[in-house]
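Scroll down for the structure; my scribbles are underneath it.
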Protein chains: 2
Amino acid sequence: MSTILDVARLAGVSTATVSRVINSPDAVREETRKKVQRAMKTCNYKYNALARGFVTKKSNTIGLIIPNIDNPVFAESTLGVQEYVEEKNIKVILGNTSYRPSQEEKLVKVLRESQVDGLIITSTDPTGPLVQALVDEGFPFVLLFSTIKGGPISAVGVDNYRGGYVATEHLVSLGHKRIGIISGNFSVTDRGYHRWCGYRGCLRDHGIEYDENLLVQTEYSLSGGSKSIKTLLELSEPPTAVFCSNDYIALGAMKGAREMGLRLPDDLSIVGFDDMQTASYMVPALTTVRQPAYEMGRRAGELLLQLIEEPGNPVQDMMDTKLVIRESTISASHDVDKDSK
Amino acid sequence: MSTILDVARLAGVSTATVSRVINSPDAVREETRKKVQRAMKTCNYKYNALARGFVTKKSNTIGLIIPNIDNPVFAESTLGVQEYVEEKNIKVILGNTSYRPSQEEKLVKVLRESQVDGLIITSTDPTGPLVQALVDEGFPFVLLFSTIKGGPISAVGVDNYRGGYVATEHLVSLGHKRIGIISGNFSVTDRGYHRWCGYRGCLRDHGIEYDENLLVQTEYSLSGGSKSIKTLLELSEPPTAVFCSNDYIALGAMKGAREMGLRLPDDLSIVGFDDMQTASYMVPALTTVRQPAYEMGRRAGELLLQLIEEPGNPVQDMMDTKLVIRESTISASHDVDKDSK
DNA sequence: TTGTAAGCGTTATCAA
DNA sequence: TTGATAACGCTTACAA
């Protein structure tokens with residue numbers, strides 16, 4: 001593999017000149033430039049960005065840490081950050097935590113050793129020591145799908161409390177009184193917890209008594225949803241509607257409910273959270289609280305690059321959430337014609 | 001940021017010794033090792049993997065190029081390669097091509113400049129000049145979701161012809177005669193083309209005349225599926241069954257068909273390709289040809305690391321495909337009770 | 001506009 | 001078991 005030095009010799013110039021034609025072509029006389037470019041061709045020169053990163057102390061690479069690329073909402077946010085940073089010629093190293101804090105910790109270590117210029121983290125624990133350490137050391141990072149609302153941290157997220165509130169309110173307005181909730185485990189991320197708080201707040205505001213049996217916590221997975229709905233449905237007084245703390249869980253819940261012999265949405269209303277790409281393709285089409293995952297990813301990329309440019313000035317960007325009403329929710333008192341649909 | 005030199009001075013040893021405690025701790029006396037480790041702590045030393053990569057000429061990083069992380073089947077294969085290579089402490093830089101050859105070309109350039117040790121590519125054009133150049137230069141790479149069957153290239157894929165054949169045969173065995181096919185554009189990747197060849201071969205073997213009006217090529221997207229099914233359904237003699245060249249398209253087609261007033265599967269049978277995670281969660285649950293995307297990703301990772309270890313010896317691994325029959329396909333001559341379901 | 005030469009943080013060779 | 005030191009491919013003052 002030929003280096004800048006080979007090119008320099010071949011072209012009869014110094015390495016500095018070769019470096020210039022690569023980085024600031026205008027700073028070198030056209031004639032020389034051509035000569036150098038010809039030399040690069042003939043010895044099939046390939047630029048070594050790693051060597052450059054080594055000297056400039058910028059790898060032009062960022063790390064992106066997410067729980068699980070298999071969840072479409074994270075695939076979308078990932079696409080968002082990628083497409084944004086790519087415009088600035090930045091590469092992204094991707095890591096999945098599977099919601100394991102130990103894995104998250106390992107990833108930030110590994111990525112920092114790789115000299116990434118910054119980190120975008122969809123953290124399981126935004127108030128934990130890992131994040132704190134990053135803050136203390138002044139390392140550039142931004143939290144994505146963040147729940148924090150203050151402090152010296154850049155973040156992009158949505159108001160999960162409000163999202164949970166709105167979802168529940170929709171159900172209440174439809175006349176539902178027994179409203180269940182299937183949430184990701186509060187211990188694995190607090191996003192689910194905040195949505196539950198919104199749910200509970202809404203119930204309170206509408207004078208509906210909170211029943212703790214109506215809450216089930218589970219993994220963020222399809223099967224988590226389908227298992228959990230069964231638990232809820234086996235209650236002596238089962239819910240007529242349920243709020244699932246993401247679409248992935250909602251999809252599982254739909255299947256589980258159907259396996260129990262329920263017809264949707266007639267026998268059970270379901271609202272999700274995320275509005276993943278396929279939400280409108282389900283049957284019934286899923287009513288859900290939309291988070292603009294792609295845009296959030298782009299914005300996180302933008303904030304991070306800003307932060308890398310000039311440290312300090314953390315900004316927290318809370319994006320709007322929006323209730324998208326489709327077919328999976330229906331009035332509690334609708335007529336049910338039991339034999340036809 | 002402190003370096004190995006700072007640690008060395010602090011511990012009163014040479015940089016070589018510090019390097020040893022990092023890379024081969026056993027090669028240094030316990031006492032010295034402890035001393036060095038203490039020094040690393042006190043100056044908060046952080047290892048610089050980039051500097052190491054610079055001298056060893058191994059970045060311990062690979063590049064993964066896929067068309068689109070938003071398609072669940074690529075998310076799964078991505079997870080597979082990541083989980084495999086992570087066990088070997090290799091990082092992955094991810095790039096999306098959006099099925100654009102120019103973007104694919106740019107990505108291999110950028111990734112190679114970043115000194116990735118190898119590449120895993122889900123290429124749009126496995127026989128094109130881009131791949132050829134990699135072969136010529138002896139750069140380690142493996143093709144994922146590959147369609148090639150020979151040559152000095154490592155690859156993992158499935159037999160797309162056979163997959164298309166089996167899918168079609170299932171429909172034929174159900175008594176369908178008018179069988180449509182919605183495929184990704186043949187020009188963007190040849191996977192769709194091979195599946196179509198299988199479809200056509202099967203028709204021929206069963207004495208069903210091929211009708212070119214029954215083929216529509218589209219983008220690999222949800223909306224591509226829903227637009228295309230409408231085209232098919234508007235034919236004077238519309239199909240009673242359709243083979244979609246991936247699940248993503250199939251999902252779109254289901255929605256499109258429903259929007260045209262059809263009931264599924266009664267009025268139209270649909271078979272997909274991939275068996276993406278949510279395929280069994282759809283309504284009706286999707287009959288599809290399963291590709292083991294996760295395993296394929298892992299295997300691609302394995303082959304690549306082997307190739308990096310010892311170049312040469314390309315291996316092509318064709319994995320088994322399997323028809324998974326669910327609810328979206330139904331006999332052509334079933335009784336349709338038009339008023340109840 | 002171009003060249004000289006130091007320096008980036010490691011590893012690796014050789015010698016002690 | 002340890003140390004001295006060259007080397008890796010590039011950028012960047014500074015000088016010419």
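On a predicted model such as this, the values are computed, not experimentally measured, just so you know. We name chains A, B, ... by the order of the sequence lines, and we start the count at 1 in each one. Just so it is clear, the values below take in all heavy atoms, side chains as well, and ignore hydrogens, waters and symmetry mates.
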Basic-acidic side-chain contact under 4.0 Å: Glu302(B), Arg299(B) = yes
Flag the pair Lys109(B) and Glu105(B) as a salt bridge only when some basic side-chain nitrogen lies within less than 4.0 angstrom of an acidic carboxylate oxygen.
-> no
Between CG on residue Asp6(B) and CE on residue Met1(B), distance to nearest 0.5 Å = 10.0 Å
What is the bend of the helix from dT1(C)-dA16(D) to dA16(C)-dT1(D) when you compare the axis at one end with the axis at the other, using five pairs each and rounding to 10°?
-> 30°
Assess whether atom NZ of Lys106(B) is packed by more than 12 heavy atoms of other residues, nucleotides or ligands within 6.0 Å.
-> yes
Mutual orientation of the aromatic rings belonging to Phe74(A) and Phe145(A) [parallel < 30°, tilted 30-60°, perpendicular > 60°] | perpendicular
Specify the residues of residues 18-43 of chain A, ordered by number, for which at least one heavy atom lies under 4.0 angstrom from an atom of DNA chain C.
-> Arg20(A), Val28(A), Arg29(A), Thr32(A)
Qualifying residue for side chain to side chain contact (heavy atoms under 4.5 Å, CB included) with Val36(B), from Leu10(B), Val28(B), Val7(B) = Val7(B)
Let me know the distance between CD1 of Ile4(B) and C1' of dA4(D), rounded to the nearest Å.
-> 14 Å
Does dG3(D) have OP1 or OP2 sitting under 4.0 Å from an N or O in the side chain of Ser14(B)?
-> yes
Should Glu87(A) and Arg298(A) count as an ion pair when the cut-off is N to O under 4.0 Å?
-> yes
Going by number, which of residues 50-58 of chain B have a non-hydrogen atom under 4.0 Å from DNA chain D?
-> Phe54(B), Val55(B), Lys57(B)
In Å, rounded to the nearest 0.5 Å, how long is the span from CG of Leu64(B) to CD1 of Ile120(B)?
-> 6.0 Å
Is there a side-chain polar atom (N or O) of Thr17(B) under 4.0 Å from OP1 or OP2 of dT2(D)?
-> no
Could you give the CZ-to-C1' distance, from Arg9(B) to dG3(D), as a whole number of Å?
-> 15 Å
Name the one of Glu31(B), Glu30(B), Gln37(B) that satisfies side chain to side chain donor-acceptor pair (under 3.5 Å) with Lys34(B)?
-> Glu30(B)
In whole angstrom, give the distance that lies between atom CE of Met1(A) and atom C1' of dC10(D).
-> 16 Å
Report the distance from atom CG of Asn48(A) to atom P of dC10(D), rounded to the nearest whole Å.
-> 5 Å
Lys58(B) atom NZ, over 12 foreign heavy atoms within 6.0 Å | yes
Quick one: do Glu309(B) and Lys88(B) make a salt bridge, cutoff under 4.0 Å?
-> no
